[in-house]
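Residue numbers start at 1 and run along the sequence shown.
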Amino acid sequence: LVSVATWLTAWAFIPPVFVAPCLIALLFPTGRPLTPRWRYAVWFVVAGLVIAPFGSAFESGALAGYPDVENPAAFPVLEDIASTVDSVGQVTLAPAMLLLGLASIVVRFRRSRGVERVQLKWVAYAGSVMVAGFFFAFVGAGTMLSDIGFLPGVVGFVLLPVAVRVAILRYRLFDIDRVISKTLVYG
């Protein structure tokens with residue numbers, strides 16, 4: 001039971017930490033992509049939701065962050081595929097999803113007026129704090145810069161749902177039937 005819990009903690013954080021903010025950036029505040037072409041970006045991020053944790057979940061050897069625990073879900077048959085997916089996901093998939101989310105927010109902000117612009121400012125502020133903090137944390141890995149940058153990254157990550165909530169409640173986006181419908185569709 002402990003090894004299964006450790007296995008879950010080694011990869012289960014990837015979708016909510018890396019994929020969910022990208023989906024928020026692509027779909028907020030209307031719940032729809034910018035244009036029909038942006039649906040491909042949404043599907044790319046949804047595919048990332050499945051692909052990103054795959055490598056960490058099924059790669060053989062010690063679990064990331066837990067060098068004393070062997071991966072209980074490692075399949076020797078999938079070892080090469082899992083390590084390739086993990087490498088590709090870290091090098092190309094994660095930055096591509098992040099760039100798509102940022103591009104969507106920028107384009108949506110430039111096209112917006114009035115209430116939608118104010119809503120996007122709330123989310124953009126929280127997202128920029130998160131991105132900047134984690135950027136400095138990852139760039140300065142193993143140094144004091146990493147420790148200094150990690151705290152604003154976590155604060156920005158916590159502020160993101162708060163900013164979405166403020167934008168929804170303060171600027172009258174709270175048609176609850178629509179929110180429930182969109183949650184079920186995207187869930």
Identify whether Leu99 and Phe109 are in the same connected component of the hydrophobic contact network (ILVMFWY, side-chain heavy atoms under 4.5 Å).
->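 No, separate clusters.
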Single-linkage hydrophobic cluster Trp43~Leu26, side-chain heavy atoms < 4.5 angstrom |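 Shared cluster, yes.
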Determine the minimum heavy-atom distance between [X] and [Y], stating which atoms define it.
X: Pro21; Y: Leu160; value: CB-CD2, 3.8 Å
X: Leu120; Y: Pro29; value: CD2-CD, 3.8 Å
X: Gly48; Y: Met97; value: CA-SD, 3.9 Å

Residue list, side-chain hydrogen bond (donor to acceptor under 3.5 Å, both in side chains) with Ser128, at least two apart or on another chain |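 Ser128 satisfies side-chain hydrogen bond (donor to acceptor under 3.5 Å, both in side chains) with no other residue.
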More than 12 non-hydrogen atoms from neighbouring residues, nucleotides or ligands closer than 6.0 Å to CZ on Phe136, yes or no?
->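 For Phe136, atom CZ is not crowded (no more than 12 foreign heavy atoms under 6.0 Å).
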Over 12 non-hydrogen atoms of neighbours within 6.0 angstrom of CZ in Phe13 | yes
Quick one: ring pair (Phe, Tyr, Trp, His ring centres under 6.0 Å) partners of Phe157, sequence neighbours excluded?
-> none
Mind checking ring pair (Phe, Tyr, Trp, His ring centres under 6.0 Å) for Phe150 and listing every partner two or more places apart, or none if nothing turns up?
-> Phe134
Working to the nearest 0.5 Å, report the span between OG1 of Thr30 and CZ of Arg32.
->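 Output value for this atom pair is 4.5 Å.
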How long is the gap from CD on Glu116 to CZ on Phe28, to the nearest 0.5 Å?
-> 9.0 Å
Side-chain hydrophobic cluster, 4.5 Å single linkage: members besides Tyr125 =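 Under the 4.5 Å side-chain rule, Tyr125 groups with Val129.
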Co-members of the apolar cluster containing Leu151 [side chain, <4.5 Å] = Val155, Leu159
Kindly write out the residues that satisfy side-chain contact (heavy atoms from CB on, under 4.5 Å) with [X], not counting sequence neighbours, or none if the list is empty.
X: Leu34; answer: Trp38, Ser104, Val107, Arg108, Arg111
X: Ala25; answer: Ile105
X: Val106; answer: Arg110
X: Val131; answer: Leu98

